[in-house]
Amino acid sequence: MDDQTRMLAGLAGLGGLSQGDVGDQDSVRKQLGQPQQDIGDILQQIMAITDESLDEAQARKHALNCHRMKPALFSVLCEIKEKTVLSIRGVQDEDPPDPQIMRLDNMLLAEGVSGPEKGGGSAAAAAAAAAAAGGSPGSDGGIEHSDYRAKLAQIRQIYHSELEKYEQACSEFTNHVMNLLREQSRTRPISPKEIERMVAIIHRKFSSIQMQLKQSTCEAVMILRSRFLDARRKRRNFNKQATEVLNEYFYSHLSNPYPSEEAKEELAKKCAITVSQVSNWFGNKRIRYKKNIGKFQEEANLYAVKTAVDAASVSAQASQANSPATPNSGTHIFGSIKITSN
DNA sequence: AAAAATGATTCTTG
DNA sequence: CAAGAATCATTTTT
């Protein structure tokens, strides 16, 4: 009962001390003549250790270890620690996997930057290139592709070497701290849990650095992607014959230059381009024609003549076969066009 | 080197 | 969702 009341008073209700601990401390108290004085001295010496030379410190440390007070102080520290451990326990919550980090990791994995070495990378690059290229050219795709892959490999290599560097530094530092703690555990009590916590803290710090690395790597990959997979950056003009076919269709359907899906497919096949390229072309053509009809007059005449000649060759007619300067005689411009003057 | 042309993308609209 | 419009980034022309 005596023990219990003392414990309540001394530990402010924190509990957690075993009877053994209390007994230990009790005996310590009896042993000491003037506890305050001696403990103060020892603490002073401990604090002064950092100011001393290594040999000196070593010697002093040894002396302290052999000090008759050492076990007593040790047990006092044990007691204090019992108290603090409790307060620490409340603060320590396991970190939930940060969704941001997960996202970065996933992206890097998908991009083939992290994960298995060469295999993943080239697979991802190939998939990306395939998705971008569609399936038409085949000739110049290879060069861009390999270029992209090379850049990606470069990024991957930098990423991995940096990551390794961090990992190494982390484990080195962890080792160092562990050694320090082990050394210190001779003079003060250190539970495995404490060490564990220390290591966790270190790892968290380093992983935050790693996140920065991941972030910047992601950024680099995104830039690379937009640089190489954005088709408009490596635009090739259609060949002469293709534009000829397209223009022919456009000017011969000038009153309604909206090819149906089937017509688009047909044109795409004839021009060796994709259907969406045909759509793009007509979209651009319509808007640009309408924007400045005058500029396209010559072209319009040219193709009008062309089709007229074709028609004439079929039905050898010469109703009004002369001056090609007749601007699109029967072609009313599609829909209702508001010509923006500029 | 500047200007024009051109294929592609993005955003708004109906 | 497709067409229009504005814009981008490159290629071609001047």
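Reminder, nothing fancy here: chain letters follow the sequence lines and each chain counts from 1.
- In this entry the distance linking CZ of A/Phe250 with P of B/dT6 reads 13 Å, nearest Å.
- Taking atom CD1 of residue A/Ile287 and atom C1' of nucleotide B/dA5, one finds them 16 Å apart after rounding to whole Å.
- One N or O on the side chain of A/His160 and one on the backbone of A/Arg156 form a donor-acceptor pair closer than 3.5 Å.
- Considering only side-chain N and O atoms, A/Lys285 lies nowhere under 4.0 angstrom from the phosphate OP1 or OP2 of B/dT6.
- If you measure from atom CZ of A/Arg236 to atom P of C/dT11, you get 6 Å, rounded to the nearest angstrom.
- The separation between A/Asn280 atom CG and C/dA5 atom P is 16 Å, rounded to whole Å.
- At a cut-off of 3.5 angstrom, counting only N and O atoms as typed in the model, there is a donor on one side and an acceptor on the other between the side-chain of A/Arg288 and the base of B/dG7.
- As a whole-Å value, the separation of A/Tyr289 OH from C/dA3 C1' is 18 Å.
- Dashed line: the shortest gap from a side-chain N or O of A/Asn284 to OP1 or OP2 of B/dT6 is not under 4.0 Å.
- At the heavy-atom level, A/Asn237 lies under 4.0 Å from the strands shown only through sugar-phosphate atoms.
- The interatomic distance linking A/Phe282 (CZ) with B/dT6 (P) rounds to 15 Å, in whole Å.
- At the phosphate of C/dG4, OP1 or OP2 sits under 4.0 Å from a side-chain N or O atom of A/Tyr258.
- For C/dA5, one of the phosphate oxygens OP1 or OP2 lies less than 4.0 angstrom from a side-chain nitrogen or oxygen of A/Lys290.
- The nucleotide whose nearest atom lies closest to any side-chain atom of A/Phe238 is, among C/dA6, C/dT12, B/dA8, B/dA8.
- As rounded to whole Å, 18 Å separates atom P of B/dA3 from atom CG of A/Asn292.
- Ion pairing between A/Glu248 and A/Lys270 fails under the 4.0 Å rule for side-chain N and carboxylate O.
- Put simply, CZ on A/Arg286 is 5 Å from P on C/dG4, counting in whole angstrom units.
- Applying the salt bridge (charged side-chain N to carboxylate O under 4.0 Å, His left out) criterion to A/Arg182, with sequence neighbours excluded, gives no partner residue.
- Looking only at distances, a side-chain donor or acceptor of A/Glu194 sits under 3.5 Å from a matching main-chain atom of A/Ser191.
- OP1 or OP2 of B/dA8 sits under 4.0 Å from a side-chain N or O of A/Gln277.
- Comparing atom distances between the A/Arg235 side chain and each of C/dT10, C/dA5, C/dT12 picks out C/dT10 as nearest.
- Not counting sequence neighbours, A/Glu265 has no partner by the salt bridge (charged side-chain N to carboxylate O under 4.0 Å, His left out) test.
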